[in-house]
Amino acid sequence: MTALIIRGGTVVNHDHSRRADVLVDGETIVAIGSTLDAPAGAEVIDAGGCYVMPGGIDPHTHLEMPFMGTVTADDFEWGTKAALAGGTTMVVDFCLPYPGQSMLAAYQDWRHKSEKAASDYGFHMAVTSWGKQVFDEMEIVVKTYGINTFKHFMAYKGALMVNDDELYNSFARCAHLGAMPLVHAENGDVVARMQEALLERGVIGPEGHAYSRPPEVEGEATNRAIMIADMTGAPLYVVHTSCREAHEAIARARASGKRVYGEPLIQHLLLDGTEYQSKDWNHSAQRVMSPPFRDKSHQDSLWAGLQSGSLQVVATDHCAFTTEQKRLGVDDFRKIPNGTGGLEDRMPLLWTAGVTTGRLTKEEFVAVTSSNIARILNVYPRKGRLAVGSDADIVVWDPTASKTITAKNQLSRIDYNVFEGFSCTGGPAVTLSRGKIAWKDGELRAEKGDGKYVERPPFSPVHTADRAASGAARRCNTVSAGKFRTRKASEIEASDGTSFACKLRSKFEERTNKCSTRSSTEL
Ligand code: URP
Ligand code: ZN
Ligand code: ZN
C-alpha cells in the first residue's frame, strides 16, 4: 500500500480541532502537521473545506443474526459496506450463543460469518444463562478472544432473558475479569404480562408492541441493572437508552460517582411513537424494535444527555429485517422480528440533526460517534482518534454534501428505510479504512474481506478505577489477620462464581451501619 496524504482540511478530534494535513503510510497515521511534505508517489486527497475526523465506530450491530425465527438480512459484507458508505469504519457485533451452545462455539460461528466483513469489527459476547461452563468460558472469551464486553438481555422472556441472580453472578465475573457488562434494559416479566393482556383485549397489530413496552419497563430495568452492577463493583453500559426514565437513572448514577454509560440510538433520537399509528401495517411493523420509539418529549431528554455528557454514544442497533420477514408477525405483534437498520445513515443524520442545528459541536459529534466508545471498549487511541500511530480509519467529511435518504440507493439489503425521505446535510466525501480508500465521492471501493478482527484487552482505565473504589468494594469489609481489610467485590467471588456472601454482608452492614465479623451463613 502506498503513502497517502490528506491535505488542507480541519482535523477534528473529540477535544481539539486545527487545520492540518494527515500523512498515512500503509495502515497507520504517521504524521499530522500544518504543511506536510508528501513522499514521492503519495496519493493526495484534497480536503479543502472539509473536516477530517476519526472514522465512526458503531458498537451495536446484529449482522446475519438468527433471531425470532429468522436471520437478519444484512450480513457482515453488506452491513460493513453500508457502514463505510456512511463514514463508519468499525462495528461491534453481538456473538449470541443459541440455547445450550458454548460461548466458544458461538465465537467460532461469528468469526466464520465475519470473514466477509469489509470494515474492521469486534464482538461482544452474550450471557444468556448461568452455570459453571459460562463462568469458565468467560475467562477464555476475555483472555483468548479479546472480548471485554458481555451482553445481558433483561427482556425477551423465554428466549434470551436472564434473571437478577444471573445478572449478579455475571456482573461479578465481569468485575473479576476486567470486562464490562452491557444490558438490554427492559423488564421482561412485565413486558410478557402486558403482551398477554393486550392480546386478550384483541390488540394484535404493531401498536401493541409499543403499548407493551412503556418507558417504565425500561426505567425500572435500567435502575435495577445499575444497582446490581454497583453491588458487584463492575462498570455498566446500557444499550439503546430510549427514554427519559432510563436516561435519568443513568444520570443519577453518574452523579453519585458510578461508572455507567448510556447509548441512545439514532432511531430514538429522530423517530417517535406515531410511527406505530400508521394505517399501513407494513410501515408500523418495519419500525418495530425494542425498546420502541417514544413520544417526542423523550427525544429532548436524549439530546440533552448527549449535550451534557450524561449519555456518551450514538449507535444504531442495526438489525435489519425485510418486510417479508416482518410479516411473520402479521397475526400477533409478538412475532414481528424486532429490529431496524441505520448503519449507513447514523453519521449523516446525527450531523444534520445535531451539528447543523447547534445541538452538538463537531468535537462532540466525534466524541459520540467514535472517541467515547473507543475509550469505553479500550481500543483508544488506536481507534477513535486521529494521532500519529493510530489506525488510519479516517473520514473526510464534507459539511456541504447533501442527500435524501431512500431505500432505492442504500447498500443495506432490505427493501425499505425507516428514515426514507429524510434530508441530510453533511456526509463522507472519503472514508479510509486502515489506510485504504473504502468510499470516495459516492463510489464504494471496499471489498468483501477487507476488514480485520479487533481484539480488545480487559481492564480499561475506568474499570481499574472502579475496582479500587466501587460502592461494593467500599461496603464489603471483612476481618483479616486481626484487622479490617477492604476487599474488592471481585476478590470475594466464590469459586462457583457467586458473590452472594458479599451481598448479604453488605446489606447487613448497611442496616447495622458497622462492619460485621460474622460469616455470611450466620446472617
Ligand atoms: O429490537 C431490537 N433492538 N432488536 C435487536 C436485538 C436487541 O434487542 O438489541
Ligand atoms: Zn436490545
Ligand atoms: Zn441490539
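Just so it is clear, the values below take in all heavy atoms, side chains as well, and ignore hydrogens, waters and symmetry mates.
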Run the side chain to side chain contact (heavy atoms under 4.5 Å, CB included) test on L350 and T352 for me, step by step, so that the C-alpha distance in whole Å, both residues' side-chain angles and the decisive distance to 0.1 Å come before the verdict. CA-CA 5 Å; L350 189 71; T352 305; over 6 Å; no
(Q) A side-chain contact here means heavy atoms from C-beta on lying under 4.5 Å apart; do I5 and V22 qualify? (A) no
Measure centre to centre between the rings of Y156 and F67, then say whether the value is under 6.0 Å. yes
(message) Taking the basic N atoms (NZ, or NE/NH1/NH2) and the acidic carboxylate oxygens, is any pair closer than 4.0 Å for R294 and E218?
(response) yes
Smallest heavy-atom separation, G86 atom then P428 atom, equals C-CG, 3.8 Å
Notebook entry, point to check: Can D450 and K436 be counted as an ion pair, charged N to O under 4.0 angstrom?
Noted result: yes
Minimal heavy-atom distance between D398 and C50, with the atoms involved, is CA-SG, 3.8 Å
In this structure, OH of Y261 is separated from CD1 of I373 (nearest 0.5 Å) by 9.5 Å
Requested in this report: Indicate whether the side chain of Y276 and that of H283 have a donor and an acceptor atom separated by less than 3.5 Å.
Outcome: no
In this structure, CG of D58 is separated from OG of S119 (nearest 0.5 Å) by 9.5 Å
- Message: Using a 3.5 Å distance criterion without hydrogens, assess whether the side chain of T357 forms a donor-acceptor pair with backbone atoms of G354.
- Response: yes
Examine H152 together with F171 and report whether their ring centres are nearer than 6.0 Å. yes
Inset, instruction - Could you tell me whether the side chains of E420 and T406 share a donor-acceptor contact shorter than 3.5 Å? - result: yes
* Consider only side-chain N and O atoms of D415 and T323, and report whether a donor and an acceptor are under 3.5 Å apart. => yes
Any F321 side-chain heavy atom under 4.5 Å of I414 side chain: no
In R434, K383, K452, the residue satisfying salt bridge (charged side-chain N to carboxylate O under 4.0 Å, His left out) with D391 is K383
Sidechain N-carboxylate O distance under 4.0 Å for D46, R7: no
* Counting N and O atoms only, with roles assigned by atom type, does the side chain of R359 sit under 3.5 Å from a partner on the main chain of Q307, one being a donor and the other an acceptor? -> no
Checking I45, L36, I6 against D21 for side-chain contact (heavy atoms from CB on, under 4.5 Å), the one that qualifies is L36
Interatomic distance, CE@M125 vs OG1@T149, rounded to 0.5 Å, equals 9.5 Å
Has the side chain of D25 got a donor or acceptor atom that lies under 3.5 Å from a matching backbone atom of A3? no
Heavy atoms, side chains only, cut-off 4.5 Å: are S34 and R19 in contact? no
Heavy-atom donor-acceptor pair, K326 side chain to A285 backbone, under 3.5 Å = yes
Exercise. Any salt bridge between R385 and D15, counting N to O under 4.0 Å?
Worked result: yes
Here the gap from D93 atom CG to H318 atom NE2, rounded to the nearest 0.5 Å, amounts to 10.0 Å
With a 6.0 Å cut-off on the ring centroids, do F123 and Y453 count as close? yes
- Item | Contact check, side chains of I437 and L4, non-hydrogen atoms, under 4.5 Å | yes
### Query
Between Y145 and E455, is any side-chain donor less than 3.5 angstrom from a side-chain acceptor?
no
Hydrogens and angles aside, do R18 and T10 bring a side-chain donor and acceptor to less than 3.5 Å of each other?
no
So OG1 of T28 and CZ of R382: to nearest 0.5 Å the spacing works out to 9.0 Å
Taken to the nearest 0.5 Å, the spacing of T316 OG1 from I266 CD1 works out to 9.5 Å
| Distance-only, no hydrogens or angles: does the H209 side chain make a donor-acceptor pair with backbone N or O of V288 under 3.5 Å? | no
Could you go through the side chain to side chain contact (heavy atoms under 4.5 Å, CB included) check for L236 and R259 one step at a time?
CA-CA 7 Å; L236 182 72; R259 310 280 188 181; over 6 Å; no
Is there side-chain contact between H247 and L311, with at least one heavy-atom pair below 4.5 Å?
yes
Worksheet item: Hey, does the side chain of N148 reach the backbone of P457 with a donor-acceptor pair shorter than 3.5 angstrom?
Response: yes
Closest heavy-atom pair, P458 versus N378, reported as atoms and distance to 0.1 Å, is O-ND2, 3.4 Å
### Query
Should P291 and E186 count as side-chain neighbours, where that means a heavy-atom distance under 4.5 Å?
yes
Is K296 salt-bridged to D272, going by a charged N under 4.0 Å from an acidic O? yes
> Aromatic ring centroids of F94 and H60 under 6.0 Å?
Replying inline: yes
message: Looking at K448, I'd like to know if its NZ atom is crowded, meaning that more than 12 non-hydrogen atoms belonging to other residues, nucleotides or ligands lie closer than 6.0 Å.
response: no
Note: L23 and P39 closest approach over all heavy atoms is CD1-CD, 3.7 Å
Q. Has the side chain of S114 got a donor or acceptor atom that lies under 3.5 Å from a matching backbone atom of A117?
A. no
Between the side chains of T340 and Q286, is a donor N or O closer than 3.5 angstrom to an acceptor N or O?
no
Using a strict 4.0 Å threshold on nitrogen-to-oxygen distance, state whether D75 and R413 make a salt bridge. no
Check your understanding: Just by modelled atom types, is the G384 backbone N or O under 3.5 Å from a matching donor or acceptor in the S371 side chain?
Key -> yes
For this session: Say whether, by atom type as modelled, one donor and one acceptor occur between the side chain of T72 and the main chain of M65 under 3.5 angstrom.
Result: yes
Check your understanding: Does atom CD of E324 have more than 12 heavy-atom neighbours from other groups under 6.0 Å away?
Key -> no
**Q.** Side chains of R287 and I336 in contact at under 4.5 Å (non-hydrogen atoms)
**A.** no
Pair H184 and H240, ring centroids less than 6.0 Å apart: yes
State yes or no: are the ring centers of F365 and W397 separated by less than 6.0 Å?
yes
Shortest non-hydrogen pair, P399 vs T425, comes out as O-CG2, 3.5 Å
Original post:
Do K403 and S423 pass the side chain to side chain contact (heavy atoms under 4.5 Å, CB included) test, and can you show the C-alpha distance, the side-chain angles, and the key distance before you say yes or no?
Top reply: CA-CA 6 Å; K403 80 164 184 177; S423 298; over 6 Å; no
Notebook entry, point to check: Is the centre of the W351 ring less than 6.0 Å from the centre of the Y51 ring?
Noted result: yes
With a 4.0 Å cut-off on N to O distance, would you call K81 and E77 a salt bridge?
yes
With F150 as partner, the option from L182, V134, V142 fulfilling side-chain contact (heavy atoms from CB on, under 4.5 Å) is V142
* Backbone of T431 reached by a side-chain donor or acceptor of T89 within 3.5 Å -> no
Open item on the list: Aromatic contact between F293 and H268, with the criterion being ring centroids under 6.0 Å apart: yes or no?
Closed with: yes
Taking C-beta and beyond as the side chain, do V388 and V30 meet within less than 4.5 Å on heavy atoms? no
* To do: Check the pair L343, S412 against side chain to side chain contact (heavy atoms under 4.5 Å, CB included), reporting the backbone distance first and the verdict last.
  => CA-CA 8 Å; L343 256 174; S412 166; over 6 Å; no
Note: S102 and E137 closest approach over all heavy atoms is CB-OE2, 3.2 Å
